[in-house]
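As structure tokens, the structure follows; a few thoughts come after it.
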Amino acid sequence: MFGSSSGSAVAVAANLAMAALGTETDGSLVGPSSVCSVVALKPAFNAVSNDGVIPLAKSMDTVGAITRCAKDNLVISSSIMGTELSLQSNFSVSS
């Protein structure tokens, strides 16, 4: 059903790793993560260096993080992107 990042998503879901990196061309990062109930972030193309990645499609492959929660993903993604990201709420809840 899904591809190359399935093992990474399973390892994070099974608590064998705090985080893992995977690559996405067409659903192979976010697909396995959704099935395993973990968090994946597919950064915009060229937001993360593809050095060392053997691409399936040079114009589409992206390296992204898989974690158990959004805050962990924020830390890992900020690190691999070389920028400071933040979790912001753009909505309000009224009582």
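Note that the coordinates shown come from a computational prediction; the quantities given were computed from them, not determined experimentally.
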Member of Asp72, Ile66, Asn73 meeting the side-chain contact (heavy atoms from CB on, under 4.5 Å) criterion with Val38: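 When Asp72, Ile66, Asn73 are each tested with Val38, the side-chain contact (heavy atoms from CB on, under 4.5 Å) holds only for Ile66.
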Would you name the heavy atoms of [X] and [Y] that are closest together and state the gap between them?
X	Y	answer
Ala70	Val39	N-CG2, 3.9 Å
Thr62	Ala44	CG2-O, 4.2 Å
Lys42	Leu29	CA-CD2, 4.1 Å
Pro32	Gly27	CD-O, 3.5 Å

hydrophobic_cluster_shared for Leu21 and Met81, side chain cutoff 4.5 Å: yes
Indicate yes or no for a side-chain donor-acceptor contact from Ser5 to the backbone of Ser28 under 3.5 Å, with no hydrogens or angles considered.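 Indeed, once roles are kept as given, a pair shorter than 3.5 Å links the two residues.
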Indicate yes or no for a side-chain donor-acceptor contact from Ser78 to the backbone of Leu74 under 3.5 Å, with no hydrogens or angles considered.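 At least one qualifying donor-acceptor pair exists.
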Student check: side-chain heavy atoms of Ser4 and Thr23 closer than 4.5 Å: yes
